[in-house]
Number of protein chains: 2
Amino acid sequence: MVVDTLSDEQVDLLFHALADATRRDIVKRAIRGGHSVSDLASGYAMSFAAVQKHVAVLERAGLVTKTQNGRERLVRTDIATINQAAELLDEIEELWRSRVSRMSDLLALDPGETQ
Amino acid sequence: MVVDTLSDEQVDLLFHALADATRRDIVKRAIRGGHSVSDLASGYAMSFAAVQKHVAVLERAGLVTKTQNGRERLVRTDIATINQAAELLDEIEELWRSRVSRMSDLLALDPGETQ
DNA sequence: AGTATCTACAACCATTTGGTTGTACGTTAG
DNA sequence: CTAACGTACAACCAAATGGTTGTAGATACT
């Protein structure tokens, strides 16, 4: 179930791509696929080229893929990459769970703070 | 179980804070707590001030908190914020699941590709 | 008291980001 | 063929990032 060993640089690209509201919106809109870049661009108050750059950032991060369809490029979200990002956070939570369960930590915590 | 309604700006801060290997490492090291800023700084090949800035970025994102202890500031990871980030990605995955389950999508997918 | 340690913060700098406009090229429609 | 559309990419610009050094204030040690 663990897909990982993304490099630090790849993880940087991943989270950086997600750190922008427009890009997160594009990811959601591209889940169904079938949206061209200009189709996506029409939904935002910025130039086509700006949206094109956002899509490129998402593409570099592996969050979307583009497939040519005539003169358009159809954008589709790669849900597996979203899943990898979620797993990275799960790993941190797992680390938290395992470390907090040590006796020394439990003794230092208030009774209600263990969960 | 849903904790959300983080603003777009807060989500930006969250993912941006996670988009740096040094900061992700600090988050992991600060899970147990008890590390001062200079303690953390000694582990990286950069100045104290640089690490201090990284901690400030994490603090603004709500990923760590600092508590004064004499002349030091002890840094501790706020696991709830990590959880919020994970939930944001889960929401996207949920969106994917719900949309992909529409008939029009199912018809276009290979039998084994629906899960 | 005097010194060393930990932190905060300002100033500075090179690079990256996120936006713009303009140009060029492939593809579709008349 | 010509015109319109969708895309790619370069050049440019202001602002943010990620690093540095230097200065100053609190706290602890002897």
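Chain naming here is simple, since letters A, B, ... match the order of the sequence lines and numbering starts at 1 in each.
A heavy-atom distance below 4.5 Å is not found between the side chains of A/Q84 and A/I82.
Legend: residues meeting side chain to side chain donor-acceptor pair (under 3.5 Å) with A/H54, ordered by chain and number and at least two apart, are A/R23. For the side chain to side chain contact (heavy atoms under 4.5 Å, CB included) test, residues two or more places apart in sequence or in another chain that qualify with A/S38 are A/S36, A/F48. A search for side chain to side chain contact (heavy atoms under 4.5 Å, CB included) contacts involving B/L13 returns B/R60, B/A61, not counting sequence neighbours. B/A21 is linked by a side chain to side chain contact (heavy atoms under 4.5 Å, CB included) to A/D8, A/D12, B/R24, counting only residues two or more places apart in sequence or in another chain. Evaluation of the side chain to side chain donor-acceptor pair (under 3.5 Å) rule for B/D90 yields no partner, not counting sequence neighbours. Under the side chain to side chain contact (heavy atoms under 4.5 Å, CB included) criterion, B/K28 pairs with A/I92, A/L95, sequence neighbours left out. In this structure A/S47 satisfies the side chain to side chain donor-acceptor pair (under 3.5 Å) test with no other residue, sequence neighbours excluded.
When rounded to the nearest whole Å, the span between CD of B/Q68 and P of D/dA26 equals 11 Å. Distance CD1 (B/I26) to P (D/dG18): 12 Å, rounded to an integer number of Å.
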Please write out each protein N/O paired with an N/O of nucleotides 7-10 of chain D under 3.5 Å, distance rounded to 0.1 Å.
unit_1 : atom_1 : unit_2 : atom_2 : d
D/dT7  : OP1    : A/V37  : N      : 3.1
D/dT7  : OP1    : A/R73  : N      : 2.9
D/dT7  : OP1    : A/R73  : O      : 3.4
D/dT7  : OP2    : A/S38  : N      : 2.6
D/dT7  : OP2    : A/S38  : OG     : 2.8
D/dA8  : OP1    : A/K66  : NZ     : 3.4
D/dA8  : OP2    : A/Q52  : NE2    : 3.2
D/dA8  : OP2    : A/K66  : NZ     : 3.4
D/dA8  : N7     : A/Q52  : OE1    : 3.4
D/dA8  : N7     : A/Q52  : NE2    : 3.3

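Toward the 5' end of DNA chain C, the nearer of the two residues A/A50 and A/G70, judged by each one's closest nucleotide, is A/A50.
Of the residues in residues 54-62 of chain A, those with a non-hydrogen atom less than 4.0 angstrom from any atom of DNA chain C are A/H54. Scanning residues 7-24 of chain A for heavy-atom distances under 4.0 Å to DNA chain D yields an empty list.
Linking ILVMFWY residues whenever their side-chain heavy atoms come closer than 4.5 Å, directly or via other members, places A/V64 and A/L6 in the same cluster.
Applying the side-chain hydrogen bond (donor to acceptor under 3.5 Å, both in side chains) test to residues at least two apart or on different chains, the pairs with a partner in residues 61-71 of chain B are B/E59-B/K66.
At least one side-chain nitrogen or oxygen of B/S47 sits closer than 4.0 Å to the OP1 or OP2 atom of D/dT20.
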